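A short worksheet on the structure shown next.
In this chain, residues are counted from 1 in sequence order. Everything quoted here is computed from the prediction, not taken from an experiment.
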Amino acid sequence: MATPYVPPPPVGPRSRMRSLGFVDPFRWLRRGLSDLRHHPGIALFYGLCFWGMAQVLAWVFQHKPEYTMSLVSGCLLLGPFLAMGLYDVSRKRESGELPEMVSSLMCWDIHRRSMAMLVLVLMVLELLWGRASLVVFAVFFNTGMPSTTGVIEAIFNRQNMDFLLVYLAVGGAFAVLVYGLSVVSIPMILDRDTDAISAVITSLRVVFSHPGVMLLWGLLLSVLVLLALWPWGLGIIVVGPWLGHASWHAYRGSVEWDEYPKEAVTLGSTN
């Protein structure tokens, strides 16, 4: 009689989802604010980078509105990688080390392979998003391309309500997809030096395990960013680094690592 096959045990630490409540996103924001207060110089540098991105986005919206969604996707691509330096600051502070500007700028270097794969995935989404944006403009925009002085009036013209609804629906679908893929994947790559596929899968597990909490977290991020962009985008100098630090704590609060595979739990399990 043949001996039945017994699969070998998994090797290495396994991730498992922490139990989350609706108070947790506010706890992440509080911890992110503490990191910002302890290292304001580093936060200022990254905040100015975010502010520069906001100024470019505002200029494109005024002069080439059909490319706005494409540029927003580019910001969603570049923003998390700038935030990786902020994740490094929070990680080192959490472990009792002294964060430094140079190390935060170069923290991606040892994770080049995983980051390159994730960049490729997000770039494909960016291209699809930009193409979809142009198609929506071509098909649903009824009053001709807006002038440089009448962008808001043209887009919110009553004749373009169908366009506005479709534009927001398409953009929202891509934003949710990008959010689900990246909400904890980049902090995880920095923390565990894992591959991009495992990081993306873990990110989706977090979202599907706690959809209500992660929806609240996404709404908080969106509302704070929108408020920071008014007026002149100056608020993003503070809010951008704050949310970068908070996003590290969102990862740490959502995922824990079990060094003993036999205790790992699967998607949907509770601790």
Side-chain angles (χ1 to χ4, degrees), residues 25-60 71-112 114-116 118-119 122-123 126 175 178-179 181-191 193 199 203 217-218 220-254:
F26 300 97
R27 185 178 296 115
W28 302 335
L29 289 174
R30 186 176 68 251
R31 291 174 178 172
L33 186 60
S34 177
D35 291 343
L36 185 148
R37 288 173 174 171
H38 279 81
H39 302 283
I42 297 178
L44 177 61
F45 170 79
Y46 286 101
L48 290 173
C49 292
F50 292 134
W51 180 78
M53 292 168 56
Q55 298 310 302
V56 173
L57 179 61
W59 185 89
V60 171
L71 187 62
V72 167
S73 66
C75 292
L76 288 174
L77 176 64
L78 181 59
F81 293 95
L82 283 175
M84 194 173 188
L86 296 166
Y87 305 155
D88 183 70
V89 172
S90 295
R91 179 176 65 92
K92 288 188 174 181
R93 182 166 181 262
E94 185 178 349
S95 62
E97 301 178 50
L98 179 63
E100 296 179 351
M101 175 68 76
V102 174
S103 63
S104 73
L105 290 173
M106 300 302 297
C107 64
W108 58 268
D109 187 53
I110 61 175
H111 311 289
R112 281 177 291 181
S114 298
M115 294 297 288
L118 193 55
V119 166
L122 295 179
M123 284 183 65
E126 178 188 2
V178 170
Y179 172 73
L181 295 176
S182 60
V183 63
V184 301
S185 56
I186 297 178
M188 178 175 163
I189 289 174
L190 177 65
D191 184 39
D193 195 26
S203 186
W217 179 234
L220 286 174
L221 295 178
S222 301
V223 170
L224 288 171
V225 168
L226 289 176
L227 291 176
L229 294 176
W230 187 268
W232 306 299
L234 294 175
I236 203 68
I237 297 176
V238 174
V239 172
W242 176 26
L243 297 183
H245 290 306
S247 295
W248 167 262
H249 294 290
Y251 156 70
R252 293 285 292 144
S254 303

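For the residue pair Tyr251/Ser203, the side-chain donor-acceptor check at 3.5 Å is not satisfied. Side-chain atoms of Trp232 and Gln55 include no donor-acceptor pair closer than 3.5 Å. Of the N and O atoms on the side chains of His39 and Arg93, not one donor lies less than 3.5 Å from an acceptor on the other residue. Of the N and O atoms on the side chains of Lys92 and Ser103, at least one donor lies less than 3.5 Å from an acceptor on the other residue.
At distances below 3.5 Å, not a single donor-acceptor pair connects side-chain atoms of Ser90 with backbone N or O atoms of Trp248. Put simply, the side chain of Trp28 never gets that close to the backbone of Gly253: no donor and acceptor are under 3.5 Å apart.
Residue Arg37 places its CZ atom among 12 or fewer non-hydrogen atoms of other residues, nucleotides or ligands, all under 6.0 Å distant.
For Arg30, there are no side chain to side chain donor-acceptor pair (under 3.5 Å) partners, not counting sequence neighbours. Residues satisfying the side chain to side chain donor-acceptor pair (under 3.5 Å) criterion with Asp88, sequence neighbours excluded, are Arg91.
Atom CD of residue Glu94 and atom CG of residue Asp191 lie 8.0 Å apart, to the nearest 0.5 angstrom. Distance CG/Leu86 to CZ/Phe45: 10.0 Å, rounded to 0.5 Å. To the nearest 0.5 Å, atom CZ of residue Arg252 and atom OG of residue Ser247 are 14.5 Å apart.
Put simply, the side chain of Phe50 does not reach to within 4.5 Å of the side chain of Val238, judged on heavy atoms. Taking 4.5 Å as the limit, some side-chain heavy atom of Val178 sits within range of a side-chain heavy atom of Ser182.
In terms of heavy atoms, Pro241 sits closest to Ala43 at CG-O, 3.0 Å. Shortest non-hydrogen contact noted between Gly244 and Ala83 is CA-CB, 4.4 Å. Considering every non-hydrogen atom in both Gly85 and Tyr46, the closest pair reads CA-OH, 3.5 Å. Counting all heavy atoms, side chain and backbone alike, His38 lies closest to Ser34 at ND1-O, 2.8 Å.
The side-chain contact (heavy atoms from CB on, under 4.5 Å) with Ile42 is formed by just one residue from the set Val89, Asp35, Leu36; it is Val89.
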Donor-acceptor pairs under 3.5 angstrom involving side-chain atoms of residues 220-229: please list them, not counting sequence neighbours.
from	atom 1	to	atom 2	distance (Å)
Ser222	OG	Gly218	O	2.9

Go through the steps to decide whether Ile237 and Trp242 satisfy the test side chain to side chain contact (heavy atoms under 4.5 Å, CB included), and finish with yes or no. CA-CA 9 Å; Ile237 297 176; Trp242 176 26; over 6 Å; no
